[in-house]
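Convention: sequence-line order gives letters A, B, ...; per-chain numbering from 1. Keep in mind the model is a prediction, meaning the values are calculated, not measured. No hydrogens, no waters, no symmetry mates; every other heavy atom, side chains included, goes into these values.
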2 protein chains.
Amino acid sequence: MPARIDPERRRELVVDAAFRLVVAEGMPGVSLRKVAAEAGLNIGSVRHYFEGHEDLLAAAARESGERMGRRLARHPAEGLAGFSGEFAVEALRELVEQVLPVDGERRAEAVVVTELILASRTRPVFAPVAAQMAADLHEVLREALAVLGHPGPDAGARQISALVGGLTLDAITPHGALGPGQVRETLEDALRLLLGVPRQS
Amino acid sequence: MPARIDPERRRELVVDAAFRLVVAEGMPGVSLRKVAAEAGLNIGSVRHYFEGHEDLLAAAARESGERMGRRLARHPAEGLAGFSGEFAVEALRELVEQVLPVDGERRAEAVVVTELILASRTRPVFAPVAAQMAADLHEVLREALAVLGHPGPDAGARQISALVGGLTLDAITPHGALGPGQVRETLEDALRLLLGVPRQS
DNA sequence: CACCATTTATCACACCCGTGATACGTTAAC
DNA sequence: GTTAACGTATCACGGGTGTGATAAATGGTG
């Protein structure tokens, strides 16, 4: 059966299985045996591509961070140049929604990222990735606000970052009360306030 | 040795030990054996006061929710009546800071609450408490904004709720970049925007 | 075909977990 | 003093985990 498999593909397949487990059972649900079962592999195979448990988690964290980086890079801050008023709000909203759980795919990624961030509090493996993701988000937001001519883009970026974290936490949790619609709405309200663009009535 | 112990005191002692473990190792670190050791008791004693693992977690969650409720009840919304401008911002800030990790005690409680909320995504035991806490916070904020004459207190409360969640998540995590000072500052900025009170320069 | 490296598959070990059952000592009431 | 309830302390079981070591099977290469 060892049909000259591409090791990178295999690793991706395993990491994806780990993601599914995080979504389904949370970070503690990610065990080597469960990951192997979820990926349709034997535990021996998984351990052939990953040194051990810690290594797998580190790889998954790295992948998660890269996905978030890719999402953020998709809408570079320079693209916001020249926008103002209603258009600025809309453009900024689209940027921020890249990392909010407004659809299935983004929801799954948001779950993984949030579990990772909280776990980074007690598991050193996750700390670097968590810090990098926070820094990346802050930087993108800061640049975007600067391009839009916002005074104090640093403080503004901190506000939006906090809002993103809170909205995500509320949306992925079964408080239930916060669906994608209300997430969008709350985000838009905050951005309007921040950019000084009154709501269109 | 069974010197007629007050069962309630014992249960509190055990739950406190569970809290310390959540802070130190996260939710998965709360095992019966570790809790017993942390409380300075034998596992048999712990199991004498709690049906089992699930029961202990439920009790801890309940206690956590009640503590948050007490914190919120300490500054009732009616106390904000008549405030406006700078005073309104200050009063609202004090209220919200009750549930933010701005000192050691509140930080520990915030850690427990956040771990609980995220865990509620996959553990039904926590769901009711998590939902209740979110509802309580929203209600207090809504009333406060209503008393302060804010138009759309519901939407405003959602914004502050999200901000609280995000600030907490960032502050208890070793992103490090967000100390109590910046938490206060970011909160104040957001409240000023929300209440329409420009920053005193 | 034979050979070797890669891949897959198992086994065994030690550890931690929750839980049921049970024994032991202490305390209070009768 | 006797008795019953309470609190404490252990034992054993089954299950899950990470990990080390090792065997088996396969595919390409010489």
Side-chain angles (χ1 to χ4, degrees), chain A residues 1-62 115-116 119 122-126, chain B residues 1-62 115-116 119 122-126:
Chain A
M1 300 177 182
R4 270 306 170 274
I5 287 303
D6 179 9
E8 194 134 350
R9 279 247 175 278
R10 267 286 198 255
R11 288 173 62 97
E12 277 183 31
L13 193 138
V14 173
V15 167
D16 274 347
F19 283 166
R20 287 196 296 274
L21 273 177
V22 171
V23 173
E25 309 183 19
M27 196 65 73
V30 182
S31 73
L32 288 181
R33 286 173 174 83
K34 284 190 193 169
V35 168
E38 175 71 29
L41 299 176
N42 187 286
I43 184 178
S45 302
V46 173
R47 292 183 55 200
H48 184 257
Y49 295 97
F50 296 92
E51 195 96 12
H53 190 220
E54 200 83 348
D55 189 35
L56 200 173
L57 292 182
R62 221 175 306 125
E115 293 266 356
L116 188 158
T122 52
R123 312 197 99 187
V125 211
F126 297 144
Chain B
M1 303 174 185
R4 270 307 168 271
I5 287 301
D6 178 9
E8 192 133 353
R9 279 246 175 280
R10 266 287 199 253
R11 288 173 61 97
E12 278 184 30
L13 194 139
V14 173
V15 168
D16 275 347
F19 283 166
R20 287 195 295 275
L21 273 177
V22 172
V23 173
E25 309 182 20
M27 196 64 74
V30 181
S31 74
L32 289 181
R33 286 173 174 84
K34 284 189 192 170
V35 168
E38 175 70 30
L41 300 176
N42 188 286
I43 184 177
S45 301
V46 172
R47 293 184 54 202
H48 184 257
Y49 295 98
F50 297 93
E51 195 97 11
H53 189 221
E54 201 83 348
D55 189 35
L56 200 173
L57 292 182
R62 221 175 306 124
E115 294 266 358
L116 187 158
T122 51
R123 304 193 134 214
V125 210
F126 297 144

If you look at every strand shown and take non-hydrogen atoms under 4.0 Å, does [X] touch a base, only sugar-phosphate, or nothing?
X       : answer
B:Gly52 : sugar-phosphate
A:Phe50 : nothing
A:Leu41 : nothing

Any side-chain N or O of [X] below 4.0 angstrom from OP1/OP2 of [N]?
X       : N     : result
B:Ser45 : D:dG7 : no
B:Tyr49 : D:dT8 : yes
B:His48 : D:dT8 : no
A:Arg10 : C:dT8 : yes

task: In whole angstrom, give the distance that lies between atom CD1 of B:Ile43 and atom P of C:dG18.
output: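 About 7 Å, once rounded to whole Å.
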
task: Measure from the side chain of B:Ser31, starting at C-beta and using heavy atoms only, and say which of D:dT17, C:dA9, C:dC17 lies closest.
output: C:dC17

- prompt: How close do B:Ser31 and B:His53 get, heavy atom to heavy atom, and via which atoms?
  reply: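 B:Ser31 and B:His53 have their closest heavy atoms at CA-NE2, 4.4 Å.
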
query: Is there side-chain contact between B:Val14 and B:Tyr49, with at least one heavy-atom pair below 4.5 Å?
result: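 Counting from C-beta outward, B:Val14 and B:Tyr49 never come under 4.5 Å.
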
message: Check this for me: does the side-chain of A:Arg47 come within 3.5 Å of the base of D:dG20 through a donor and an acceptor?
response: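 A donor-acceptor contact between them is present.
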
